[in-house]
Structure formats: structure tokens, C-alpha cells
Amino acid sequence: MTDFDYDLFVIGAGSGGVRASRIAASHGARVAVAEEYRVGGTCVIRGCVPKKLLVYASHFAHSLHDAPTFGWTLEGTRFDWARLRDFVAGDVDRLERAYTSTLDSNRVEHFHERAVVAGPNTVRLASGREISAKVILIAVGAWPVLPEIDGVEHCITSNEVFQLPELPRRVVIQGAGYIALEFAGVFNALGSQVTVVNRSDKILRGYDHDLTDRLLPIMQARGIEFAFNHPIEDVSKQTDGSLLVRTAGGLDLAADAVLVATGRKPKTQGLGLDSVGIELGSNGEIPVDDHNRTSCPSIYAVGDVTDRVQLTPVAIREGHAFADTVFGNAPRTVAYDHIPSAVFTQPPIASVGLTEVQARTVHGHVQVFKSDFRPMQNMFSDQAERGYYKLVVDPASDRVLGVHMLGPDAPEILQAVAIAVKAGLTKAQFDETVALHPSMAEELVLMR
Ligand code: NDP
């Protein structure tokens, strides 16, 4: 018996919070979770899941385009945004129910209201009720950063993009990171005229340059316009209801929707952290140690709110490790090396391990193996898009330090090859593996 209402109170029922709740409960803890919006968090409700469904929907545009050369006669095809939007929303509802039933079946109590920290062992609900807990876990995630531009109220973020009443004819997207380029691909394929405007001349900062240098012209060839070194200055509403975007570089762009995707910031504002002496980092993040513990010993944090790696599977791992450590008597930490990642552009890119530049910084000399090929599925296409795979190898040990891929299904292939890179396999071991023919993935074992 403890003097607290709960052993664990989790603030935020997203990927990290739900995993931590159910694992802690399975270890015998009495757990409650508060969520101010919808159970499932960013990934399920307004991120990875609905985005990926839109990406799938937009792939049909490419398949339909290529279908006649494969012998199909197509008549009367048309796209219905409202139907897709409502189908996606229905699937999000289904997943929210699944997450809620996971909490129920693990006897995790849930409160559908905002909760803030009111003391080292106390949270306060929006209703004013105070609840005590031996341990508090903060898993409130991150929120889109709104750039400082006049008329930003006319813009949407990835939070609103899934509810658009109709498919915008002209879309301007600010930013050239994950969200900007994924939605550029979706809207372009679905038939919108897309312009990406970015403050710098870089896309997807952090990815290997060989991938981004090849992705950019492919996206341009598909019809997406890019305006680099053009931060947006203001967005104004016109009398006909459309929007006018003016950039600092003097460009005027007419649009029906302006999507801003300029990063996400930990959602710590007003969370009461100052009441327990937790000082935030420069991006508003909660600093934690290797065991996800904050400077207040009874309070922990996992996921995007800690601003370590803003990826769902990482938040899930952190939540799980937290619960095992604090309630399962099995302390463990999360390894942040070799985290695979992908951008669901069209075509997608995927990466694991060190980029060439990072590997040179760490190892000095590195070997690089490249395969620049035309995927078989593109053979009949009038868009002669090429795939590109790259292996970065440490010549001293022959270990594969990084794999970087651009091309159809790259994320699916990369997840498997990430196991080999994480396991420290050598280039010779890649080469010993017999190719699976005909496939794109066989390029990985054929680079000489
Ligand atoms: P990113 O950090 O990926 O990209 C931000 C973009 O906005 C960059 O192009 C950056 O330009 C630009 N930018 C940043 N600040 C400003 C500013 N003040 N004014 C103008 N432009 C600015 O952020 P996203 O919002 O696209 O995504 C947020 C995070 O969500 C990602 O980092 C990722 O972790 C996660 N995510 C992951 C996905 C996946 O795994 N597939 C999909 C979607 C999101 P510059 O390059 O010049 O700095």
C-alpha cells in the first residue's frame, strides 16, 4: 500500500505514454493517464498513420499513369478527396478505439482532460481535481512551430491538413523537411499545383547529400516547384477567398492553401514544470537522464517532449524502458545509434547509420559503394526515375557504417538491412549473401 492515489500518473496518451502505461500496469502498478485531445497522440491521430494512408492513395496516381503501357485501358478515373479524407478519418477512429481498449484491458484509468504538474507527486486536472502519484511521467509530445509571418492565421499545419474541406488547387508549403516534402508529394500526385518555399537551399537536412541531391530533381520533374532562399514574409486573404503568399525574396504566389512545416517544438508551455523546479532546454524540451528521469526525482519524461529523436518508435522504446526500469525491476536504457528513418516522399528515401560526411568525421577515411539503377517498375514509364543505394564502409574493419537508399519501397527494404548494420556486419558478409533476383534490394549485395 502507498499513500498515493496511483503508482504512476501519465500525462499524454500518445505512443510513448500509452506504451509506458500498459507496461507499468503489467508490472502491477496502479496507473492513470490523462489526455486532453484524443487517445493515440500525434502519430495515430494526425501524423504517421493518416499521412501514410494519403501516401498510399497518391501512389494510385502514378500507377494509373503507367497502367496503359502495361496493357490496361482506363476510362473515367477520377479522384474524390472527401471520400479519401473520410475513409482516413474512419481509420483513425478505429485506431483510437484500439488504443483506448488497450488501456482498458490493462486496467489503466483514463481522464479525458488536460493535466498539469502541481507538485513532485501531484497533478491537477482541468476540472480542478488534484491527484497524487508516486511517479509522474510526462509524455505530451510536440506541436508544430508557427513561423513569425504576417497572416500566419491563414496557414494550416500538419494538424489541420487531414481535414481540408476540398483538395486545394494550388498549395504553397513552407519548409523543406519531413512534413513539407511528404505533403508536397501527396498533393502533387493528387493533382494540386505545389510550390515548396524554404528559407535555405537545403532539403531534408541531416540526410546523406547523395540522396537529397537526387531526390530534388525527381520531385521537380514530377511537377513540384521549389523556391529556395525565399522565407515567407506574409500571407494575405484575397477578396475571392484565395491566399497571396509574399516571400522575402520578392516572389508572389497565389494559393488555395498554405501549409507551414517548419519543425515541431516540445509541448511544455503551461505544464507547471516551474512549480517543481524543472528547467527547460533551449527548444522548450524537458532534459532527462539516460533513464528518462528529470531533475525532479519523481518525475520522468519520454518521447518528443524530451526532443531527443522525434520519432514514434523511439518514444515507444523510451516509454517501455521507463516502465521496465521503474516498475519492472529491470533497468534498461534506449540505444540511440542505428535508428532507421525514412521520408515518405515519392519516391521515398530511407537511411540507417552514418552518412558519408559523418563517417568521414568519425573514421577519417571511408569507402563508399554506390548503385545508381533504373528500377524495373519504371522501365515502361515516361518518367525515367532512377533509384540510388549507397553503402558507407569502414575500411579498417570492413563494417558497414551506413546504408542510404532512394527508390520505390526504400523504407520497407531498409528496415531489414538496418538489422545487418545494427549487428555490425561487414561488406564482405553483405557480398556473401546471394542476390534475390529480380528485385531492387539485390543491389545491396551486388555493389563492388
Ligand atoms: P523538419 O525539422 O524536418 O524541417 C523543418 C523545415 O523548416 C526545414 O526545411 C527548415 O529549414 C525549415 N525551418 C525551420 N525553422 C524555420 C523558420 N523559423 N522559418 C522558416 N523555415 C524554417 O520539421 P518538420 O516540421 O517537417 O517535421 C518535424 C519532425 O517530425 C521531424 O524532424 C521528424 O522528426 C518528425 N517527422 C517524421 C516523419 C517520418 O519519420 N517520416 C514524418 C513527419 C515528421 P532549414 O533546413 O533551412 O533549417
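Note that the coordinates shown come from a computational prediction; the quantities given were computed from them, not determined experimentally. Whatever order the structure lists them in is the order used to number ligands and atoms, beginning at 1.
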> Should the heavy atoms of other residues, nucleotides or ligands under 6.0 Å from CZ of R19 be counted, would the total exceed 12?
Replying inline: yes

> Take atom CD in E148; do more than 12 heavy atoms of anything else shown fall under 6.0 Å from it?
Replying inline: no

>> For residues 330-346, which residue pairs pass the salt bridge (charged side-chain N to carboxylate O under 4.0 Å, His left out) check, not counting sequence neighbours?
In response: D324-R332, D337-K422

Where's the contact between [X] and ligand 1, heavy-atom distance under 4.0 Å: side chain, backbone, both or neither?
| X | value |
| --- | --- |
| K51 | side chain |
| V309 | neither |
| V145 | neither |

>> Counting only heavy atoms, tell me which of Q310, E182, R199 gets closest to atom 48 (O) of ligand 1.
In response: R199

> Are any of the heavy atoms in A261 under 4.0 Å away from ligand 1?
Replying inline: yes

>> Between ligand 1 and P231, can you find any atom pair, the residue atom being a heavy atom, that is separated by under 4.0 Å?
In response: no

> Identify the closest protein heavy atom to atom 20 (C) of ligand 1: which residue and atom is it, and at what distance?
Replying inline: Q174 NE2, 3.5 Å

> atom 9 (O) of ligand 1: which protein heavy atom is closest, and how many Å away?
Replying inline: A176 N, 2.8 Å

> Do any nitrogen or oxygen atoms of A342 come within less than 3.5 Å of a nitrogen or oxygen of ligand 1?
Replying inline: yes

>> For ligand 1, which is the ligand I care about here, please tell me if G175 has any N or O atom under 3.5 Å from one of the ligand's N or O atoms.
In response: no

>> Is the distance from the ring center of F60 to that of F79 below 6.0 Å?
In response: no

> Which ring-ring contact (aromatic ring centres under 6.0 Å, His included) pairs, counting each pair once, include a residue from residues 141-170, with sequence neighbours left out?
Replying inline: F162-F183

> H112 vs H110 aromatic rings, parallel, tilted or perpendicular, using cut-offs 30° and 60°?
Replying inline: perpendicular

